[in-house]
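Ligands are counted one by one from 1 in listed order, and the atoms in each one are counted from 1 as well.
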Amino acid sequence: MRRTEDEIRPPCTLVIFGASGDLAHRLLAPALAHLNRDGALSPDFAIVGIGRTEYSDEAFRERLEDGAKAFTPPTQGRPGDMPEAVRYLRGSFEDRELYRRLKATLEDTENRREGPPNRIFYFATPPDADETIIEALVETGLARVENGWVRAVVEKPFGHDLASGRHLNEVLLRAFREKQIYRIDHYLGKETVQNIFVLRFANGIFEPLWNHRYIDHVQISVAESVGIGHRASFYEKAGVVRDMFQNHIMQLLTLTTMEPPAAYESDAIRAEKVKVLESIRPFPTKEIDDWAVRGQYGPGVVNGKRVPGYREEPNIDPQSTTPTYAALKIAIDNWRWAGVPFYLRSGKRLAKRVTEVAIEFKGVPHRFFHKASGELLPNVLRLHIQPDEGVSLKFGVKVPGSVLQIQSVYMDFPYAKLGAPIAGGYERLLLDVTHGDQTLFIRGDEAEHAWEVLTPVLEAWESVPPPDFPNYAAGTFGPETADKFLEKDQRRWRTL
Ligand SMILES: NC(=O)c1ccc[n+]([C@@H]2O[C@H](COP(=O)([O-])OP(=O)(O)OC[C@H]3O[C@@H](n4cnc5c(N)ncnc54)[C@H](OP(=O)(O)O)[C@@H]3O)[C@@H](O)[C@H]2O)c1
């Protein structure tokens, strides 16, 4: 059945709460400019920005356009202009008068176009602001429209812990149905993250090997070379587990370990992701050190530049116990993964910026190449998420010559080879919101299960202060305790 123009490019108004903030400037503005340039947005697509900073409509448009220019990577070409209809409302989320002005602005924008009064409310806001805004939207009737749709996009973090994550879901469900809620994790918008799914389920050769019989262990690494930037107050309260593990790393883990869904449909896929989260063995709080390691960076040198330690960063408590590094061991108690450890690590101010999933296969059952010089290394399938997107497979070959010598080589597929520019995650996800496709968004129960998995680690760490912070120098690959953590299992972290 052919889709109508309104289905392909639905007319709608995007209301950005927190439009004067960093996310709107650095991430949403470029995504909107690219979508508009590529003709993916309806000519009737309108933007209404809300924040406390003073902007005229024109100044707000300029800010968005500046953001689009500054944060469009050269590989993406020229960003394009913003949609024609851009408005800005200055006000405080707590002030009901703001919502009366929003109502008038929305009605005015909707009356100017012919299509339905579709609305997207984007919460680019500090997490504690969501409830106030949602209550006001319900009270003023803005969360419902006749003959159109309303969707809400919620940014991570989805709460601060299990209790607040559950509460946020309850608050959201007072205003919207689950079908209207889009919990966004921009990792799911990345081509290479979606490729994990395609690699596994569109190829016959990998899936038969994708289980405890052939896989020794899996390492998921999200290494950042940057520090906390301007996010001191958020990071100080959150730390690495809330910032990285609850969302991005759990997404990489579930995509790598889920069972094949019956269909490429949002509910079927999200149900499989939830099942695997339910199979994760709860962390034993009393023996947490056997399952989790924490770290915090001290001063050091990153990319040739001397950088301060976490405790010396502006607006950070000089005695802070917030972890900037964590390594966790996860066990998945199901048929496929019994006995396969998953080692997850992430940290700030590490030596390099790399995100990857590395699947290390078991060795051959009988090693008769004992006379061969050179180590017989395991096969590794590496899914590079950033910065060099691609897939590589490591295997052993014979070095030419009369002596039997084995060397590891790599079969590499760099994504860049496909020629098409790799769009940023936000572009794809914003487009999916306009189309009503929730496949790449996190369902409420999925967010809660991720909190359930991580809560014992958070509680154990928050109840006992770390004795040795800072315990890694900026520019290294994390604390020594993280290396020992794997050595206990006779394994080593992969070199990134
Ligand atoms: N920035 C990122 O890279 C990033 C990435 C992923 C997720 N997120 C999430 O996205 C959300 C926004 O992050 P951000 O970095 O953009 O934060 P931010 O730079 O601090 O911006 C917050 C925005 O909310 C507005 N605001 C805050 N309190 C308000 C109030 N009471 N009334 C009216 N406006 C208010 C601010 O307005 P004024 O500045 O005008 O006062 C600003 O526009 C957060 O939940 C964050 O966790 C951010």
Any chance you could lay out the salt bridge (Lys or Arg N to Asp or Glu O under 4.0 Å) test for Lys275 and Glu278, step after step, and finish with the verdict? CA-CA 5 Å; Lys275 270 194 224 162; Glu278 283 171 338; over 6 Å; no
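- Here the side chain of Gln438 pairs a donor or acceptor atom with the backbone of Lys179 at under 3.5 angstrom.
- A donor-acceptor contact closer than 3.5 angstrom links the side chains of His34 and Glu427.
- Residue Phe234 has no N or O atom closer than 3.5 Å to an N or O atom of ligand 1.
- Scanning all protein heavy atoms for the shortest distance to atom 38 (P) of ligand 1 gives Ser20 OG, 3.3 Å.
- Residue-environment remark: CG (Asp22) exceeds the threshold of 12 foreign heavy atoms within 6.0 Å.
- Looking at Asp81 and Arg61, no side-chain N of the basic residue comes within less than 4.0 Å of a carboxylate O on the acidic one, giving no salt bridge.
- Neither side chain, Thr192 nor Gln386, offers a donor N or O lying under 3.5 Å from an acceptor on the other.
- Taking a 6.0 Å sphere around CZ of Arg96, one finds it holds more than 12 heavy atoms contributed by other residues, nucleotides or ligands.
- In this structure, Arg174 places its CZ atom where more than 12 heavy-atom neighbours from other residues, nucleotides or ligands lie under 6.0 Å away.
- Of all the atoms in ligand 1, the ones that sit under 4.0 Å from a non-hydrogen atom of Pro157 are 47 (O).
- Between Ala24 and ligand 1, no N or O atom pair is found at a separation short of 3.5 Å.
- Using a cut-off of 4.0 Å between Lys/Arg side-chain N and Asp/Glu carboxylate O, Arg183 and Glu446 are scored as not salt-bridged.
- Ligand 1 has no N or O atom lying under 3.5 Å from any N or O atom of Arg231, backbone or side chain.
- Looking at Glu110 and Arg119, a side-chain N of the basic residue comes within less than 4.0 Å of a carboxylate O on the acidic one, giving a salt bridge.
- Annotation for ligand 1: atoms under 4.0 Å from non-hydrogen atoms of Gly91 are 32 (N), 33 (C).
- At distances below 3.5 Å, not a single donor-acceptor pair connects side-chain atoms of Gln251 with backbone N or O atoms of Tyr187.
- Nearest to atom 30 (C) of ligand 1 among the protein's heavy atoms is Phe93 CD1, 3.3 Å.
- Heavy-atom proximity to Ala124, at under 4.0 Å, picks out these atoms of ligand 1: 11 (C), 12 (C), 23 (C).
- Given atom 19 (O) of ligand 1, the protein heavy atom at minimum distance is Asp22 N, 2.9 Å.
- The closest approach between any non-hydrogen atom of Arg26 and ligand 1 is below 4.0 Å.
- With respect to atom 24 (O) of ligand 1, the closest heavy atom belonging to the protein is Gly18 CA, 3.4 Å.
- Each of the following atoms of ligand 1 lies closer than 4.0 Å to a heavy atom of Glu94: 31 (N).
- Considering both main-chain and side-chain atoms, Gly51 never comes within under 3.5 Å of ligand 1 through any nitrogen or oxygen pair.
- The distance criterion of under 3.5 Å between nitrogen or oxygen atoms is met by Leu23 with respect to ligand 1.
- For ligand 1, the atoms sitting less than 4.0 Å from at least one non-hydrogen atom of Thr53 are 38 (P), 39 (O), 40 (O), numbered in the order shown with element in parentheses.
- For the pair Asp432 and Arg428, the salt-bridge criterion is met [side-chain N within less than 4.0 Å of a carboxylate O].
- Nearest protein neighbour of atom 44 (C) of ligand 1, counting heavy atoms only, is Thr125 O, 3.2 Å.
- In terms of protein heavy atoms, atom 27 (C) of ligand 1 is closest to Arg52 NH2, 3.4 Å.
- For atom 21 (O) of ligand 1, the nearest protein heavy atom (residue, atom name, distance) is Gly21 CA, 3.3 Å.
- For atom 46 (C) of ligand 1, the candidate residues are Glu155, Arg242, Lys156, His248; the nearest heavy-atom contact is made by Lys156.
- Every atom of ligand 1 with a heavy atom of Ala19 under 4.0 Å away is listed here by number and element: 43 (O).
- Within a 4.0 Å radius of atom 1 (N) of ligand 1, the protein contributes one or more non-hydrogen atoms.
- In this structure, Ala129 does not count as a contact residue of ligand 1, since none of its heavy atoms falls inside 4.0 Å of the ligand.
- Atoms of ligand 1 found under 4.0 Å from any heavy atom of Ser92 (numbered from 1 in listed order, with element): 32 (N), 33 (C).
- Within a 6.0 Å sphere centred on CG of Asn315, other residues, nucleotides and ligands contribute 12 heavy atoms or fewer.
- A ring-centre distance under 6.0 Å is not found for His384 and Tyr415.
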